[in-house]
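The structure under discussion appears below in the form of structure tokens.
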There are 2 protein chains.
Amino acid sequence: MSHRAMEGTGCSVERTLSLIDGKWKIVVLYKLLRGTLRFNELRRLIPAVTQRMLTHQLRELEADGLITRTVYAQVPPRVEYALSPRGWSLEPVILALKHWGDANLSSSEAKAA
Amino acid sequence: MSHRAMEGTGCSVERTLSLIDGKWKIVVLYKLLRGTLRFNELRRLIPAVTQRMLTHQLRELEADGLITRTVYAQVPPRVEYALSPRGWSLEPVILALKHWGDANLSSSEAKAA
DNA sequence: GCCCATAGTGTCAAAAAGGATACCGTGATG
DNA sequence: CATCACGGTATCCTTTTTGACACTATGGGC
């Protein structure tokens, strides 16, 4: 049973985690806490993510109702990602994770958000 | 790069998440919030986990300094798991996850922790 | 005519995570 | 003498996740 497949199962903690698992999701959400971003802006902010993975994670976040995806019919294309209300409601969780990390992973780059 | 392998990389949020990824870790930590538990007590509290997986996750939690493992030289063996101070410091994070889940995953069993 | 940028998709393969099952040693219990 | 409970290991296999890489459409600039 994958994290994805177990929506509808288990306790609330597990199910919440399943929404933000995946290697890049919380980073994406975290970046979006500062405001709307375009696809390539996210790519530049998270250099280690591949295009395919970013697309993938964004689609899942969208499917889970945590972000909104707005496509502007332009050339070149313009697609903006922003937190949905449900995504915003995760802010305390994301910040709790971040604060713990800042306080407890005391190596140099741990604080370089 | 695995979640494990990336300790020492990335932002604090990611690194924090890498400590509690794995399918059962937060459940284990959550159960331990109520107090020390033995191996088979955990198994009974989390029926879906296999012995191998539980061992695995407990070892990683121990390696990350989040729980303590105490072996009593008895027969039959007696091994107790408890949160370490570092593990206790995660309480707000775990509870943030749980509260969000309770509030936002409003299906019947979401609240059955 | 060619290249650039944007925001992707598709295919393939590797790596990692997870699960099933069987096994171990010991002492008490039946 | 066989069985049980405890807390695991070891091995094998499947599923899931992630990564590399190539490819697409369109319009504008050179």
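What's counted below: heavy atoms across the whole structure, side chains too, no hydrogens, waters or symmetry copies. Chain identifiers are assigned alphabetically (A, B, ...) following the order of the sequence lines, protein sequences preceding nucleic acid strands; residue numbering begins at 1 within each chain.
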Just by modelled atom types, is the [Y] backbone N or O under 3.5 Å from a matching donor or acceptor in the [X] side chain?
X     : Y     : value
B:Q57 : B:W24 : yes
B:R86 : B:D64 : yes
B:S84 : B:L66 : yes
B:E41 : B:R38 : yes

* B:E80 with B:R78: basic N within carboxylate O range, under 4.0 Å ->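 Counted as a salt bridge, because a side-chain N and a carboxylate O are separated by less than 4.0 Å.
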Where is the tightest heavy-atom contact between [X] and [Y], given as atom of each residue plus distance?
X      : Y      : result
B:V93  : A:W100 : CG2-CB, 3.8 Å
B:N104 : A:S89  : OD1-OG, 3.7 Å
B:I67  : B:L58  : CD1-O, 3.5 Å
A:L17  : B:I20  : CD1-O, 3.7 Å

How close or far is atom [atom2] of [N] from atom [atom1] of [X], stated in whole angstroms?
X     : N      : atom1 : atom2 : result
B:Q74 : D:dG7  : CD    : P     : 10 Å
B:D21 : C:dA15 : CG    : C1'   : 15 Å
B:L17 : D:dT17 : CG    : P     : 15 Å
B:E60 : D:dG8  : CD    : P     : 15 Å
B:L54 : C:dA17 : CG    : C1'   : 16 Å
B:L37 : D:dG8  : CG    : P     : 13 Å
A:K23 : D:dT16 : NZ    : P     : 19 Å
A:M53 : D:dA20 : CE    : C1'   : 11 Å

* Structure fact -> Reading nucleotides 2-10 of chain C from 5' to 3' and marking B where a protein heavy atom lies under 4.0 Å of the base, S where only the sugar-phosphate is that close, and - otherwise, the string is ----BBBBB
* Asked: For the helix from C:dG1-D:dC30 to C:dG30-D:dC1, what is the angle between the axes at its two ends, each from 5 pairs, rounded to 10°?
  -> 30°
